[in-house]
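A quick write-up on the structure given underneath.
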Amino acid sequence: MPELPEVTVIVNSLNKKIKGLILESVEYDWPRKFFWGNYSIKDLKGVKVTSVDRKGKVVLIEVSKGTKGAKGTKGAKDITILIHLKLTGQLIYQDAKTRVAGGHPIPPLNLPSPNKTTRVIFAFTNGGHLYFNDLRKFGWVKIVSSNKYQVSSAIGELGPDALEISFREFSERLEKKPNARIKKLLMDQSFVSGVGNIYSDEGLWRAKIHPARSVASLSDAEVKALYDGIQESLKLAIDKGGSSANSFVDSGGEKGLFLTFAKAYYMIGKPCSRCGTPIARKKMDGRSAHFCPSCQKLK
DNA sequence: CACTTGACCTGTCCGC
DNA sequence: TGCGGACAGGTCAAGT
């Protein structure tokens, strides 16, 4: 799932479900991708979840050891659990009453957890569990102190959030990279954060821009259309997934929800919904770009 | 330097 | 049915 809309949806769901819960234990069989920093596993026992957040595609679970002090100061005891889902990560919370799931649709999000892709299990004192499943083991978990420096160095360099960036800032940042190919730049997290292969394809389709175009070749109107196209496709995806996390599971079978609104991504050979030309896929910069060869011309 | 390629992992699907 | 190769919602390190 690892793009902004999917991360946003699961973060919103988790915020409703695990805020206030107390961690009982953490189990993992995945030392290679589990970074404790200065902490150890016992530092998480008894901590309380204070919020679940998102930066780019990274999930942040804020926890606190303190006994709810009167002052709202962030003490040294606050810890941030960072989770990156990479290509095939999933986060699933379930307890006796509820279940929320988000992430990559393979294996199906309704498959019971733990299962063979389960890498980390966070157990809470209410009997609920948060499972981090990741088929390909590309994802990671980092445990750091909740201060700006620690958190941002663990995440890496991030540009403005794709949902929050203004059109003005978007176009100003583009101007600094005239030679970049537009699709590659959109997926660069230090340029804007949150956009990956799906939403770069979707945004470019909406703007009728070929993914291999250079930034310098884009007209002002095209830059505006691209900005709008990205905003629209991100928001549409959040809406589709946001009504209920379970719709992720139900609506698209194993392929997941996104196929129900994708215009270009994964639509290889299907008619473009604007002009009927079959959608093409081409390898570009190491990734598959999906586009309409007729609407999105390489000038 | 900038840019490209490989590596990280495991699984599915498609063609012969 | 079996086997090989391509491919996968991401990112970093190493090589050129």
Side-chain angles (χ1 to χ4, degrees), chain A residues 1-10 29-35 54-59 82-91 101-109 111 115-120 132-142 153-159 162 176-181 183-205 211-212 214-215 230 233-234 236-238 240-241 248 252-269 280-291:
Chain A
M1 86 141 134
E3 292 184 51
L4 184 153
E6 295 78 15
V7 178
T8 300
V9 168
I10 189 62
D29 69 345
W30 199 14
R32 267 183 68 86
K33 297 294 180 68
F34 210 112
F35 306 97
R54 173 183 75 74
K55 283 213 189 309
K57 301 172 187 172
V58 180
V59 176
L82 299 154
I83 302 177
H84 198 310
L85 282 63
K86 291 285 181 88
L87 266 76
T88 56
Q90 314 177 322
L91 283 173
H104 194 277
I106 299 171
L109 286 165
L111 189 74
N115 56 55
K116 68 175 178 179
T117 70
T118 300
R119 312 301 177 194
V120 186
F132 179 15
N133 300 337
D134 186 4
L135 187 151
R136 286 173 77 186
K137 297 185 180 174
F138 282 6
W140 49 249
V141 179
K142 297 180 187 181
S153 76
I155 293 177
E157 193 191 344
L158 282 189
K176 292 181 192 151
K177 302 273 184 182
N179 300 317
R181 275 159 300 203
K183 177 178 169 67
K184 183 159 193 270
L185 187 61
L186 291 174
M187 290 194 292
D188 180 345
Q189 300 306 293
S190 67
F191 178 72
V192 279
S193 56
V195 177
N197 209 27
I198 292 180
Y199 297 97
S200 58
D201 281 350
E202 293 299 302
L204 288 163
W205 181 88
S214 72
V215 170
I230 292 168
S233 40
L234 292 174
L236 175 65
I238 292 171
K240 294 282 184 179
F248 257 69
E254 91 255 11
K255 294 301 185 191
L257 168 74
F258 70 86
L259 288 187
T260 64
F261 60 83
K263 298 292 194 180
Y265 181 80
Y266 219 76
M267 297 287 107
I268 311 143
R281 177 175 72 187
K282 224 174 179 177
K283 199 100 171 173
M284 265 172 226
D285 296 313
R287 305 301 299 276
S288 286
H290 308 76
F291 59 100

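First the proteins, then the strands, lettered A, B, ... as listed; each starts at 1.
- Using a 4.0 Å cut-off, some side-chain N or O of Gln189(A) falls inside it from OP1 or OP2 of dT11(C).
- In this structure, Arg287(A) reaches the bases: a heavy-atom distance under 4.0 Å links it to at least one base atom across the strands shown.
- The side chain of Phe138(A) has dC8(B) as its nearest neighbour among dT11(C), dT10(B), dC8(B).
- Without hydrogens or angle criteria, Asp134(A) side chain to Phe138(A) main chain gives a donor-acceptor distance under 3.5 Å.
- At distances below 3.5 Å, not a single donor-acceptor pair connects side-chain atoms of Asp285(A) with backbone N or O atoms of Lys184(A).
- To the nearest angstrom, P of dG10(C) lies 14 Å from CG of Asp285(A).
- Under the side-chain contact (heavy atoms from CB on, under 4.5 Å) criterion, Leu135(A) pairs with Thr88(A), Ile106(A), Pro107(A), Thr117(A), sequence neighbours left out.
- Close to dG10(C), at under 4.0 Å from its OP1 or OP2, lies no side-chain N or O of His84(A).
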For DNA chain C, produce a single dot-bracket line, 5' to 3'. Pairs: Watson-Crick or G-U wobble, both distances under 3.5 Å. Symbols: ( ) within strand, [ ] crossing, | other strand, . unpaired.
-> .|||||||.|||||||
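- Rounded to whole angstrom, the span from the CG atom of Asp134(A) across to the P atom of dG11(B) amounts to 12 Å.
- Going from atom NZ of Lys183(A) over to atom C1' of dG10(C) covers 12 Å, rounded to whole Å.
- For the P atom pair drawn from dT1(C) and dT10(B), the interatomic distance equals 28 Å after rounding to whole Å.
- Here dG11(B) presents its C1' atom at 11 Å from NE2 of His104(A), a figure rounded to the nearest Å.
- When the nucleotides dG11(B), dT4(B), dC7(C) are ranked by their closest atom to the side chain of Arg181(A), dT4(B) comes out on top.
- Judged by distance alone, with hydrogens and angles left aside, the side-chain atoms of Glu202(A) form a donor-acceptor pair with the main-chain N or O of Ala264(A) at under 3.5 Å.
- Candidate nucleotides dC9(B), dG10(C), dT4(B) were compared by shortest atom distance to the side chain of Arg32(A), and dC9(B) ranks first.
- Between the side chain of Arg119(A) and the main chain of Asn133(A), no donor-acceptor pair closer than 3.5 Å is present.
- Atom CZ in Phe191(A) sits about 15 Å away from atom P in dT11(C), given to the nearest Å.
- The backbone N or O of Gln189(A) lies less than 3.5 Å from no partner atom in the side chain of Ser193(A), so there is not a single donor-acceptor pair.
- In this structure, Lys282(A) atom NZ and dA6(C) atom P are separated by 18 Å, rounded to whole Å.
- The closest donor-acceptor contact from the side chain of Arg287(A) to the backbone of Ala289(A) lies at 3.5 Å or more, if one exists at all.
- Checking dA8(C), dG10(C), dT10(B) against every side-chain atom of Lys137(A), the shortest atom distance belongs to dT10(B).
- Mapping Gly156(A) and Arg136(A) onto DNA chain C by nearest heavy atom places Arg136(A) at the nucleotide closer to the 5' end.
- When the side-chain nitrogen and oxygen atoms of Arg119(A) are compared with OP1 and OP2 of dC9(B), none of them lie within a distance under 4.0 Å.
- Of the candidate nucleotides dT4(B), dT11(C), dA8(C), dA8(C) has the atom nearest to the side chain of Ser288(A).
- Among the heavy atoms of the strands lying under 4.0 Å from Lys57(A) are primed sugar atoms or P, OP1, OP2 only; no base atom is included.
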